[in-house]
Amino acid sequence: MQVNPYLFYDGNCEAAFKYYAKVLGGEIEAMLPHEGSPAAEHTPAEWGKKILHAKMTIDGEVLMASEAPSPAISQQAAGFSVSLQIADPAEAEQKFHALAEGGVVTMPIAQTFWAKRFGMCVDQFGHPMDGELRVGSSTAL
């Protein structure tokens, strides 16, 4: 069994995945719009370019996403964080600052009693809505 996060975005899924691929070194394996899919006939015309399903791998891990079919679904995302475990503290700092750019830092990256570097932020895409993206060095003190 493999457990993978599936994120919902409010109109910026494609931009978010392209940014994550750039700053995290991920590879986008799928970026499927509603247009041209079997779902197209069941969705409003203005949803044609919106992302039905996206898939990315980052160092062998899978992240999937799509546009939220309604604001209520994207607002339900709460009580969790996407956690990135990065062994090298310098790399953790670099990736944290890239993810925090244009977003909100909720805990500046610093040494903690559980990691050489740990920080939390909400990225520029505002997702997850009530969670944080966490970047930590997995090397314990």
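Heavy-atom basis, side chains included; hydrogens, waters and symmetry copies ignored.
Shortest non-hydrogen contact noted between V23 and K95 is O-CE, 3.6 Å. Residue A65 comes nearest to Y9 through the heavy atom pair CB-CE1, 3.6 Å, listed as atom of the first residue, atom of the second, then distance. Among all heavy-atom pairs drawn from A100 and V105, the shortest one is CB-CG2, 3.8 Å.
With hydrogens and angles disregarded, no donor-acceptor distance shorter than 3.5 Å links the side chain of T57 to the backbone of G60. Remark: side-chain polar atoms of N12 are not paired, donor with acceptor, to backbone N or O of A15 under 3.5 angstrom. The main-chain N or O of G11 is found under 3.5 Å from a side-chain atom of E67 such that the two form a donor-acceptor pair. Distance alone, capped at 3.5 Å, is enough to place a donor-acceptor pair between the T106 side chain and the M120 backbone. Judged by distance alone, with hydrogens and angles left aside, the side-chain atoms of Y19 form a donor-acceptor pair with the main-chain N or O of A98 at under 3.5 Å.
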- Using the side-chain contact (heavy atoms from CB on, under 4.5 Å) rule, take T112 and M107 through it: C-alpha gap first, then chi angles, then the decisive distance, then the call. CA-CA 11 Å; T112 65; M107 179 180 174; 4.0 Å; yes

- Message: Working note: S66 + Y6, criterion side-chain contact (heavy atoms from CB on, under 4.5 Å); need CA distance, chi angles, decisive distance, verdict.
- Response: CA-CA 8 Å; S66 68; Y6 197 101; 3.4 Å; yes

- Could you walk me through whether L84 and L99 pass side-chain contact (heavy atoms from CB on, under 4.5 Å), step by step? CA-CA 11 Å; L84 303 174; L99 290 169; 3.6 Å; yes

- Please assess Q111 against F118 for the test side-chain contact (heavy atoms from CB on, under 4.5 Å), listing each intermediate value before the final yes or no. CA-CA 6 Å; Q111 185 169 329; F118 182 84; over 6 Å; no

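Cluster annotation: L52 is not connected to M56 through the hydrophobic network of ILVMFWY side chains, with a link wherever side-chain heavy atoms come within less than 4.5 Å. In the hydrophobic clustering of ILVMFWY residues, with side-chain heavy atoms under 4.5 Å counting as a link, L32 and L7 come out apart. In terms of hydrophobic clustering, with Ile, Leu, Val, Met, Phe, Trp and Tyr side chains grouped at heavy-atom distances under 4.5 Å, L24 and I28 are assigned to a common cluster.
Looking at S37 and E35, their side chains never bring a donor and an acceptor atom within 3.5 Å of each other. At a cut-off of 3.5 Å, with distance as the only test, a side-chain donor of D123 or Y20 sits close to an acceptor on the other residue.
E27 CD to F17 CZ: the interatomic distance, rounded to the nearest 0.5 Å, is 12.5 Å. With rounding to the nearest 0.5 Å, the separation of CD in E41 from NE2 in H34 is 13.0 Å. For the atom pair K116 NZ and I86 CD1, the distance stands at 15.0 Å (nearest 0.5 Å). To the nearest 0.5 Å, atoms CE (M64) and CG (N4) are separated by 4.5 Å. The distance from atom CZ of F96 to atom CD of E101, rounded to the nearest 0.5 Å, is 12.0 Å.
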